[in-house]
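Below you'll find the structure, written out as structure tokens, and then a few comments.
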Amino acid sequence: MIFKIFNTLSRTKEDFTPLAPPHVGLYVCGPTVYGDPHLGHARPAVTYDLLFRLLMALGYKVRYVRNITDVGHLEHDSDDGEDKLQKKARLEKLEPMEVAQYYTNRYREAMNMLGVLPPSIEPQASGHIIEQIELIKEILEAGYAYQSNGSVYFDVDRYNADHCYGKLSGRSVEEMLSVTRQLDGSGDKRKSYDFALWKKASPEHIMRWPSPWSDGFPGWHLECSAMSRKYLGDRFDIHGGGMDLMFPHHECEIAQSTASMGHEAVRYWMHNNMITIDGRKMGKSLGNFITLEELFTGRNTLLEKAYSPMTIRFFILQAHYRSTLDFSNEALSAAEKGFERLMAAFDMIDKIKPAEKSTVDVSAIKSQCMEALCDDLNSPVAIAVLFEWVKVINRLNDGADTVTDGDLRSLSEQFRFVVCDLLGLSAEKRGDGELTSGLIEMILQVRQQAKEQKNWAVSDKIRDELSRLGVVVKDRKDGADWELK
RNA sequence: GGUCUGAUGGCCGAGGGGUUAGGCACAGCUCUGCAAAAGCUGCUACAGCGGUUCGAAUCCGCUUCAGACCUCCA
């Protein structure tokens with residue numbers, strides 16, 4: 001099965017062919033760890049987690065690198081800007097690395113709850129200062145950078161003369177010149193669109209490292225070029241990130257890689273779209289973000305209730321990654337209901353009684369879902385396929401359709417593969433150890449006897465009490481199903 | 001101002017020249033002691049105006065509206 005991937009470079013879907021099969025190199029821009037992870041962070045994490053899982057399912061050996069930006073970027077494009085991490089540290093009277101560590105932990109916890117698999121390598125920018133300095137040296141030697149007052153800047157004009165700056169985002173240097181802001185304090189740069197490779201640190205700047213040029217810190221875009229190269233090589237397959245990083249971040253990465261090596265590093269660029277709220281991008285700058293913890297606990301005035309991590313994951317997967325996804329309580333609640341119905345059917349499979357012959361063809365569940373995902377990660381269609389089968393599973397449970405023992409096992413296996421392995425969804429409300437389920441079964445048997453004696457008072461009391469404890473009873477003709485709420 | 005993207009039923013969201021996406025909500029029916037669950041049925045949309053075509057939600061043009069990027073941002 002061929003995986004089709006939308007390459008931002010060509011703006012078309014292309015057949016994915018790895019550079020060195022069966023190996024695939026995947027690099028994704030991770031978070032800057034200076035704040036609690038929010039819903040916006042969940043989108044790329046879940047998207048590229050799905051990609052990671054799909055590539056593995058296709059038989060590739062994937063090295064997935066997702067960085068942690070702990071060096072911090074400048075708050076403003078000026079020489080006296082304060083490091084984001086440093087600012088936070090000053091406010092909280094903590095070491096900058098303490099802040100970075102705290103939010104790194106928070107990020108990992110949240111991702112784990114969302115069922116996001118840990119990447120193969122999670123390199124930290126602060127641990128790769130040497131590699132970044134080496135990369136700057138190479139760019140300087142190649143003649144695409146210049147020193148200025150202890151800082152080093154990338155020479156966009158020089159680069160643009162030999163290569164094309166702006167190919168990813170579709171911008172031209174001319175038009176950038178006319179709109180780029182002229183900021184005070186950027187006098188060290190020759191052109192407004194030149195970007196920093198190394199910044200000299202002001203005396204009060206805490207996060208600093210020695211370099212041939214000054215005590216300072218690496219530029220904003222350097223770490224991804226340096227770390228992707230270190231772990232994935234001069235050329236690698238896929239680079240992903242949010243659409244908002246396309247310019248300038250990814251454009252600069254391309255320039256840095258090309259300037260230092262003479263060729264591009266990345267073969268396929270992928271960009272996930274944003275999560276919006278009231279039609280506007282959810283993000284730090286607008287201050288309209290909802291943290292994942294707030295989502296999980298419901299503690300935010302925008303939230304009508306708490307939503308479970310898996311509901312969030314399902315919500316994200318129900319939209320295509322290149323579409324904006326609009327947040328609302330209605331949309332989250334709909335996702336929650338849908339997810340619960342999906343998982344209820346999934347649990348139901350084990351309770352279906354096999355029959356002599358099958359009235360349904362279960363052979364294509366997995367392949368249909370794989371086909372959808374191979375079409376540029378079309379998870380909404382894969383989920384639609386699953387819902388077709390939810391209906392079938394319920395009919396099987398009602399006896400309206402039948403399956404043989406073999407088909408039932410195949411159905412169960414395929415469903416598990418798609419739901420758990422590919423989509424990364426897992427049941428949350430299980431917690432039913434043998435003792436718990438045994439007790440519930442026993443109580444339901446007592447209730448069944450009461451029902452047979454038409455003792456509705458007792459039977460309703462049992463049902464109500466169980467309901468109060470979170471056990472939902474679903475009566476059938478002969479007995480009852482139950483699930484934990 | 002420049003570059004780009006989008007506008008789908010009550011809501012969320014796929015698709016993308018002729019054929020039911022799917023989910024949620026809603027209504028009716030079946031089942032049922034009641035309720036819930038489940039099943040069946042119904043509601044059937046593609047911003048507006050032109051054009052191409054046997055046929056357009058889908059292609060082209062214009063208009064309106066919205067958003068993203070051009071500054072750190074997932």
Given [options], identify the nucleotide with an atom nearest to the side chain of [X].
X         : options                   : answer
Glu330(A) : rC4(B), rC11(B), rC70(B)  : rC11(B)
Asp460(A) : rC34(B), rA74(B), rC69(B) : rC34(B)
Arg11(A)  : rC4(B), rG22(B), rC69(B)  : rC4(B)
His38(A)  : rA74(B), rG23(B), rC24(B) : rA74(B)
His320(A) : rA14(B), rC34(B), rA74(B) : rA14(B)
Thr32(A)  : rA74(B), rC70(B), rA21(B) : rA74(B)
Phe387(A) : rG23(B), rA21(B), rA74(B) : rG23(B)

Just name whichever nucleotide pairs with [N], Watson-Crick or G-U, keeping both distances under 3.5 Å, else none.
N       : value
rU44(B) : none
rC59(B) : rG51(B)
rU19(B) : none
rC34(B) : none
rU5(B)  : rA66(B)
rG39(B) : rC29(B)

Using a distance-only criterion (donor-acceptor N/O pair, under 3.5 Å, no hydrogens), is the base of [N] paired with the side chain of [X]?
X         : N       : value
Ser459(A) : rG33(B) : yes
Arg463(A) : rC34(B) : yes
Asp326(A) : rG13(B) : no

Rounding to an integer number of Å, can you tell me how far [X] [atom1] sits from [N] [atom2]?
X         : N       : atom1 : atom2 : value
Asp278(A) : rA68(B) : CG    : P     : 12 Å
His250(A) : rU71(B) : NE2   : P     : 16 Å
Lys167(A) : rC69(B) : NZ    : P     : 24 Å
Leu325(A) : rG67(B) : CG    : C1'   : 14 Å
Phe327(A) : rC24(B) : CZ    : C1'   : 16 Å
Asn273(A) : rC73(B) : CG    : C1'   : 14 Å
Arg447(A) : rC34(B) : CZ    : P     : 13 Å
Glu251(A) : rU3(B)  : CD    : C1'   : 12 Å

Euclidean distance for [atom1], [N] against [M] (whole angstrom):
N       : M       : atom1 : result
rC31(B) : rU41(B) : C1'   : 15 Å
rG15(B) : rC70(B) : P     : 27 Å
rG13(B) : rA35(B) : C1'   : 32 Å
rC46(B) : rA21(B) : P     : 12 Å
rU44(B) : rU20(B) : P     : 15 Å
rC29(B) : rA66(B) : C1'   : 42 Å
rU8(B)  : rA14(B) : C1'   : 10 Å
rG61(B) : rU53(B) : C1'   : 16 Å

Could you check whether [X] pairs with [Y] (Lys NZ or Arg NE/NH1/NH2 to Asp/Glu carboxylate O, under 4.0 Å)?
X         : Y         : answer
Asp188(A) : Lys199(A) : no
Arg463(A) : Asp460(A) : yes
Asp464(A) : Arg468(A) : no
Glu336(A) : Lys305(A) : yes
Asp157(A) : Arg190(A) : no

Arg280(A) side-chain N/O to rG67(B) phosphate OP1/OP2 under 4.0 Å: yes

Presence of Ser323(A) side-chain N/O under 4.0 Å of rA14(B) phosphate oxygens OP1/OP2: yes

Heavy-atom protein contacts under 4.0 Å, nucleotides 36-48 of chain B, coded B base, S sugar-phosphate only, - none: BSSSS--------

Contact class for [X] (heavy atom, under 4.0 Å): base, sugar-phosphate, or nothing?
X         : result
Lys454(A) : nothing
Asn378(A) : sugar-phosphate
Met274(A) : base
Leu245(A) : sugar-phosphate
Gly40(A)  : base
Glu483(A) : nothing

5' precedence on RNA chain B between Lys281(A) and Ala319(A) (nearest-nucleotide basis): Ala319(A)

side-chain contact (heavy atoms from CB on, under 4.5 Å) partners of Lys337(A), counting only residues at least two apart: none

Cation-aromatic face contact Lys366(A)/Trp389(A), 6.0 Å, 45 degrees: no

Ring-face cation of Arg322(A) near Phe6(A) (centre distance under 6.0 Å, axis angle within 45°): yes

Any donor-acceptor N/O pair, Asp70(A) side chain to Val99(A) backbone, under 3.5 Å: no

Any side-chain donor near an acceptor of the partner, Asn105(A) and Gln101(A), under 3.5 Å: yes

Any donor-acceptor N or O pair under 3.5 Å, side chains Asn273(A), Ser323(A): no

rG33(B) pyrimidine/purine six-ring stacking with Trp456(A), under 5.5 Å and 30°: yes

